[in-house]
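Here's the structure we're looking at; comments come further down.
We name chains A, B, ... by the order of the sequence lines, and we start the count at 1 in each one.
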Amino acid sequence: MEKIRTRFAPSPTGFMHLGGLRTALYCYLYSKKHGGDFILRIEDTDQERFVEGAVEVIYSSLNESGICYDEGPDKGGEFGPYVQSERKAIYLEYAKKLVELGGAYYCFCTKERLESLTDENGNRKYDKHCLKLSKEEVEARIAAGEPYVIRQNIPLEGTSVYEDMVFGTISVDYADLEDNILIKSDGLPTYNFANVVDDHLMKISHVIRGTEYLSSTPKYNLMYDTFGWERPHYIHLPIIMKDQTRKLSKRYGDANFDDFVNKGYLPEAIVNYVALLGWSPKENVEKMTMAQMIELFSLDGVSKSPSIFDDVKLRWLNGEYLKELSDEEFLKVATPFFKQSKVYGKYDLLQLSALLKTRVEILSEIPDKINFLEEFGEYDTALFFHKKMKTDAELAKTVLPWIREKLASAPSFDHDTIHDLLIGLATEKEMKNGQILWPARVALSGKDVTPGGAIELALILGKEECLRRIDFSINLLNK
RNA sequence: GGCCCCUUGGUCAAGCGGUCAAGACAUCGCCCUUUCACGGCGGUAACACGAGUUCGAGUCUCGUAGGGGUCACCA
């Protein structure tokens, strides 16, 4: 059986789109599932879109995601170079061969002439004007230094059919296809040509890419056929949408891998979530390690319809990953976010990590959740209301002074002591624990949700600060 | 607009002619609890529409509607 070889071929735009990340992931999973190779190829034939540092972004994103390629620009391999701009001579050679085979031709048409071909609907299709040129004329004009491109020669009639491994049979009439440019006037190839030559030369067995190529694939097949090359297998993937009608895009700032990492999502969670968009394992599991994904990956679990990116579910998944971290691991990934908070350097971060772990879905929530430790001021006393505990501001007025007294008299300020004092207070007054603890927690934090209950907060704040805050809260209630 | 493709709850999705149409997120309710959170249990909620084919259709066919993709010297 042939060796499975897949490739991820991004163009260096400066960021890693989540859709691209998923494509890379599926390429990786499919090749690894079948013991094959996964190749990274940089498609930088558009010099106008060159972005400084963009290639490094691709390397680092893939690396952080745990998607490892076997061959690539920075890894080497026997089919290099893996950067298209370094393969210019190769494309030209094959383009000439294709011209000889009748699959392509030189074109000297000016931009103006091309524009004159536009119809009333704003569409235009090249009219094969230069196909008629004799070989002698072509050579003379090239020799005279006239700029030219090389176009693909597509039949005027007939139908092209191929099997896509997820979409099934796709058939397109040649009449609906245009004689696209294969080699631009700057001598570099377009995607239309480079991908065919490279995929063949790099022995790619399965081409995995987005559905935007679903209907242009016949053009590529035509070239494979003309060259006498074996066509690869095709696996087209549905796109990822932002909502019903818009796709996830850079434009809305919601498609970039790095942005998600900076917002406090773990790369593993992002990869795991993205894997689930458009694919579901037979076993009906959702949280998976890379190794599990490789094991479970299968093409018949890949769906044909576009899926909408749901950041609520991503948050949940990220939270799941966070919860299973040890306190130390959590501290490590959370440190950049602790630094953004007002408490950095003033509290025991490992202790806070333990409390925060089950209360945070994305790391960027951290500053907001803990800033109250340093910032305490007026708050809405409606927070004292809790239906189930039957507490409210009125009850707080009577309970808070008792709490203050207990805490003030505490012989030491450790967990057990505070616990016994507060619970003891509830027993003593024949109240529910919550009727003491809820007001205490609110009075200490001024917040409805806090990292930890009243006892944990008291411990973190320390005796003096606790008393100060309770006094403040009593005053607030009596206003 | 032409061509290609898609259509199960709010979202991700199982299903591949016969199921009470899975599961997850979200949502709602209950429980647990040392309060918030975590956790446990349960509820609401879907086969776009219309014709066929068939004893029987979410599953097959055709049409309609809706959505997406594509029509560049971008990939």
Side-chain angles (χ1 to χ4, degrees), chain A residues 9-11 13 43-46 48-49 84 107 111 114 119-125 147-151 164 167-168 170-173 175-178 180-186 188-192 194-195 209-218 236 238-239 241 243-247 273 276-282 284-287 300-301 303-317 319 323 355-360 369 386 388-389 391 418-419 422-423 426 432-442 445 447-457:
Chain A
S11 55
T13 56
E43 308 224 328
D44 61 345
T45 57
D46 184 4
E48 283 176 27
R49 295 212 301 189
Q84 290 186 330
C107 172
K111 202 177 174 186
L114 259 22
D119 68 15
E120 63 280 2
N121 289 322
N123 299 132
R124 72 168 183 238
K125 189 179 172 187
Y148 67 90
V149 299
I150 295 179
R151 285 181 183 275
D164 180 89
F167 283 89
I170 304 294
S171 78
V172 179
D173 290 341
D176 295 319
L177 268 19
E178 194 188 11
N180 289 109
I181 288 170
L182 265 22
I183 299 290
K184 301 181 279 186
S185 54
D186 64 3
L188 282 168
T190 57
Y191 172 85
N192 299 114
N195 94 86
R209 73 207 344 171
T211 50
E212 60 267 35
Y213 300 109
L214 197 61
S215 50
S216 54
T217 294
H236 286 99
I239 53 169
M241 307 287 289
D243 55 38
Q244 237 13 265
T245 58
R246 291 175 298 176
K247 57 180 168 180
Y273 176 67
L276 259 16
L277 282 178
W279 170 66
S280 69
K282 286 276 164 290
N284 199 19
V285 289
E286 297 204 300
K287 190 160 172 293
D300 43 52
S303 68
K304 300 179 187 178
S305 50
S307 42
I308 298 172
F309 186 90
D310 183 10
D311 57 283
V312 173
K313 185 150 182 177
L314 205 210
R315 290 178 69 104
W316 164 78
L317 229 203
K323 265 178 255 172
L355 294 172
L356 249 15
K357 218 166 60 180
T358 57
R359 289 165 236 257
V360 162
K369 289 216 188 286
H386 184 91
K388 239 179 72 182
M389 289 301 152
T391 71
I418 301 170
H419 172 267
L422 294 181
I423 300 303
K432 291 188 195 178
N433 294 340
Q435 290 180 300
I436 298 299
L437 294 167
W438 179 281
R441 196 178 60 81
V442 172
S445 66
K447 294 183 70 104
D448 58 342
V449 179
T450 51
I455 297 162
E456 281 99 351
L457 290 190

Heavy atoms only, 4.0 Å cut-off, all strands: where does A:N284 land among base, sugar-phosphate and nothing? base
Output the rounded distance in Å from CD (A:E212) to P (B:G69). 10 Å
Base, sugar-phosphate, or nothing: which does A:S171 touch, judged by heavy atoms less than 4.0 Å apart? sugar-phosphate
Treat a base pair as Watson-Crick or G-U wobble with both distances under 3.5 Å, then lay out RNA chain B in dot-bracket form, 5' to 3', with | for cross-strand pairs. ((((((((.[[[..)..(....]]].(((((.......)))))....[[[[[..)....]]]]])))))))....
Donor-acceptor pair present, A:T211 side chain and B:C5 base, under 3.5 Å: no
Taking the inter-plane angle between the rings of A:W438 and A:H386 on a 0 to 90° scale, is it parallel (under 30°), tilted (30 to 60°) or perpendicular (over 60°)? tilted
With a 4.0 Å cut-off on heavy atoms, is A:T391 in touch with a base, just the backbone sugar-phosphate, or nothing at all? nothing
Tell me whether the OP1 or OP2 atom of B:U11 has a side-chain N or O from A:K313 closer than 4.0 Å. no
Please give the distance between the P atoms of B:C32 and B:G18 as a whole number of Å. 44 Å
Contacts of A:V360 and A:S303 projected onto RNA chain B by closest heavy atom; the upstream (5') one is A:S303
Using atom CZ of A:R209 as one end and atom C1' of B:C74 as the other, report the distance to the nearest whole Å. 15 Å
Please confirm whether any donor atom in the side chain of A:K282 sits under 3.5 Å from an acceptor in the base of B:A14, or the reverse. no
Please give the distance between the P atoms of B:U59 and B:A51 as a whole number of Å. 14 Å
Which comes earlier along RNA chain B counting from the 5' end, the contact point of A:G301 or that of A:V172, where each point is its nearest nucleotide? A:V172
Grab the CE-P distance between A:M241 and B:A13 for me, whole Å please. 12 Å
Could you tell me whether A:R49 and A:D46 make a salt bridge, using a distance below 4.0 angstrom between a side-chain N and a carboxylate O? yes
Just by distance, do the side chain of A:D243 and the backbone of A:R246 share a donor-acceptor pair under 3.5 Å? yes
